[in-house]
Amino acid sequence: MTQEHQGEGRGWSAARKGVWSRLRFTSLRLRLVVVFGLVALTAAVSASGIAYWLNRESVLTRTQDAVLRDFEKEMQNRAGSLPEHPAQDELQRTAGQMANSSQRFTVLLVAENPEGQTVYGSSGGLNGFSLGDVPESLREAVTERQKVTSGNAYPHRLYWQRIVEDGTPYLVAGTKVIGGGTTGYMLKSLEPEAKDLSSLAWSLGIATGLALIGSALLAHAAATTVLKPVQRLGTAARRLGEGKLDTRLRVSGTDELADLSRTFNKAAEALEKRVADMAARDEASRRFVADMSHELRTPLTAITAVTEVLEEELEFEGGGIDPMIQPAVRLVVSETRRLNNLVENLMEVTRFDAGTARLVLDDVDVADQITACIDARAWLDAVELDAERGIHARLDPRRLDVILANLIGNALKHGGSPVRVSVREEPAEGAAGADAADGTVVIQVRDHGPGIPEEVLPHVFDRFYKASASRPRSEGSGLGLSIALENAHIHGGEITAVNSPEGGAVFTLRLPRDVSAAGSGEKAGDAGTEGAEGDA
């Protein structure tokens, strides 16, 4: 895959993640749209349901009342003019005349002829509307004779019922002619009204859908208006967290979001001022330490020269130093050496804090470098070395010497003999073999002492930290292990300290085999402090 295609793929992935982050349910934008949609849907459905129900009742009631009035009128005018016992042809003719009314319904007339037989007259012919099409409950209600009272002047009344046949709604009604005689039934299709109501339902459904879409668009617009300042605030907060303390928000309006933006700007301004003050004080502190250390080097050089002469006099038998003051002279020599180491360490710490410490890289044999460090300090009899020659690494040899001197010196001073130094190499994950250039060199320094107390382990690399309060004036300054750790960090490595299950402390140094490939530049600079400085 080419870089262009990879870039397009990453762009598409980022865009997809951006869209998903805006659409995930935890998004305030999506929740606003959903809430607006639910409210609009509830309101639209409720309004549409009420409107449909009211229109349905209005349409059906209006049609039903008009048909029933026309049927009742036809029964009185036409069926009422029939004899009490009409003939078949008379019923048939009258039923046809009644069906031709303005409402166009189907009529069935039932009566007894002069011979006492039940005869039928239907406007729909032999296969049309029949008595079997009338619900039995309606027939019973029509034929039942009611008690005549002051509120009920006639023994028979008009009854109606809505039925559905083969999916088509119908209105069925029936009554008897006043005074007795012919019974009439009417059948009226309500299919046109049903179609009108179906069209109304579709219209209301479409209106509900449009209302839902409109509410979603409105909610999106409202969410954009409300959330855009919030998004700007989130972006500004992230930039502030990344250290861009000059980040400010553009404020417009007088609403709560504008007040929030003003509060953020004031907080950012106060934070920038506070950080600037702290940086200035920190820089002044570092400059003071650096200047103090530099100024101390001149008198220390002279004092060191004098103490070297005094030390030679002490070692010379028959010298001119009074035996009574020899302990004081030895103390002066020791403290001068300690003060000189302290000044050198302070200057090194200052360079690390200021970021001016640099590496001078070279290809070294790690085993040879460890041997040289041990030999230079006369530790050959106290240190066991388990390192094969041929393990090469590209690093700063003098800073590695500082790390080794501090770790081995700390083990000899505060641990127990023998001190064992072992070296191994670890290939990088996915590398083809142990000789991969991006592997890691691992150096372990283990002593056989009592180990490091558990409460001390988290602080062994802290500056000026000493595990024992009973030795506040030990030769160590409390900076050795912290300088070793800083030297490891500048190489892109790490140092860890643990207690071995078999007893004793184990310090593990991990360094990349090629520091320049790991990201450190090959720049000239201070080589670092030499000498052991154990302070665990």
Side-chain angles (χ1 to χ4, degrees), residues 53-86 88 90-113 116-194 196-197:
W53 181 78
L54 292 176
N55 279 275
R56 179 179 182 275
E57 291 301 315
S58 175
V59 169
L60 292 179
T61 301
R62 184 173 60 251
T63 301
Q64 174 182 292
D65 291 347
V67 171
L68 293 179
R69 281 197 303 269
D70 197 27
F71 175 65
E72 189 174 21
K73 179 179 177 183
E74 291 293 328
M75 283 293 296
Q76 296 301 326
N77 293 338
R78 297 188 183 276
S81 62
L82 290 173
E84 184 176 356
H85 300 286
Q88 171 76 38
E90 290 178 315
L91 284 180
Q92 189 70 34
R93 184 174 58 253
T94 303
Q97 294 172 350
M98 293 175 63
N100 289 327
S101 68
S102 60
Q103 296 298 324
R104 296 295 179 181
F105 42 70
T106 304
V107 177
L108 173 65
L109 297 179
V110 183
E112 290 184 358
N113 61 11
Q117 297 176 342
T118 301
V119 293
Y120 302 92
S122 175
S123 62
L126 295 177
N127 298 323
F129 184 35
S130 65
L131 196 61
D133 297 326
V134 180
E136 184 178 356
S137 59
L138 180 62
R139 295 199 303 267
E140 292 177 355
V142 170
T143 57
E144 183 180 359
R145 186 179 182 85
Q146 303 291 330
K147 184 178 181 181
V148 177
T149 61
S150 58
N152 185 26
Y154 306 104
H156 298 284
R157 302 177 61 186
L158 176 65
Y159 294 93
W160 59 270
Q161 184 176 343
R162 294 175 191 163
I163 61 173
V164 178
E165 291 289 342
D166 298 328
T168 303
Y170 292 95
L171 176 66
V172 182
T175 187
K176 265 184 172 296
V177 175
I178 298 175
T182 305
T183 302
Y185 296 97
M186 178 274 301
L187 179 68
K188 171 67 176 177
S189 174
L190 299 178
E191 186 174 6
E193 287 74 15
D196 292 341
L197 292 176

Answer yes or no: is there a side-chain heavy-atom contact under 4.5 Å between V142 and Y185? yes
Evaluate the side-chain proximity of L68 to M186: yes if any heavy-atom separation is below 4.5 Å, no if none is. yes
Okay, side chain of T94, backbone of A79: is any donor-acceptor separation there less than 3.5 Å? no
I'd like to check the side chain to side chain contact (heavy atoms under 4.5 Å, CB included) partners of R93; sequence neighbours left out, ordered by chain and number. E90, Q97
Any side-chain heavy atom of L108 sitting closer than 4.5 Å to one from L131? yes
In the structure I gave you, are the side-chain heavy atoms of L171 and R162 within less than 4.5 Å of one another anywhere? yes
Determine which pairs satisfy salt bridge (charged side-chain N to carboxylate O under 4.0 Å, His left out) with at least one residue from residues 61-78, sequence neighbours left out, and list them in order. E74-R78
Considering all heavy atoms, the nearest S123-F105 contact: OG-O, 4.4 Å
Partners of E193 by side-chain hydrogen bond (donor to acceptor under 3.5 Å, both in side chains), sequence neighbours excluded? T63
Heavy-atom closest pair, residues A141 and Y159: O-CE1, 3.3 Å
Using the test side-chain hydrogen bond (donor to acceptor under 3.5 Å, both in side chains), find all partners of D166 that sit at least two apart in sequence or belong to another chain. none
What one should report as the nearest heavy-atom pair of V107 and A95 is CB-O, 3.9 Å
Taking all non-hydrogen atoms of both residues, which atom of Q161 and which atom of S137 are closest, and how far apart? OE1-OG, 3.6 Å
Could you check whether any side-chain N or O of S122 sits under 3.5 Å from a backbone N or O of F129, counting only pairs where one atom can act as donor and the other as acceptor? yes
Pairwise distance OH(Y120) to CD(Q92) - rounded to 0.5 angstrom: 13.5 Å
Between F71 and Q103, is the side-chain contact (heavy atoms from CB on, under 4.5 Å) condition met? List the steps. CA-CA 8 Å; F71 175 65; Q103 296 298 324; over 6 Å; no
Taking side-chain hydrogen bond (donor to acceptor under 3.5 Å, both in side chains) as the test, write out the residues that go with T106, two or more places apart. none
Could you check if a side-chain atom of M98 sits within less than 4.5 angstrom of a side-chain atom of M75, using non-hydrogen atoms only? yes
For T182, check side chain to side chain contact (heavy atoms under 4.5 Å, CB included) against everything at least two apart and list the hits. L82, P86, L91, L109, A111, V177
Interatomic distance, T183 atom OG1 to R139 atom CZ [nearest 0.5 angstrom]: 12.0 Å
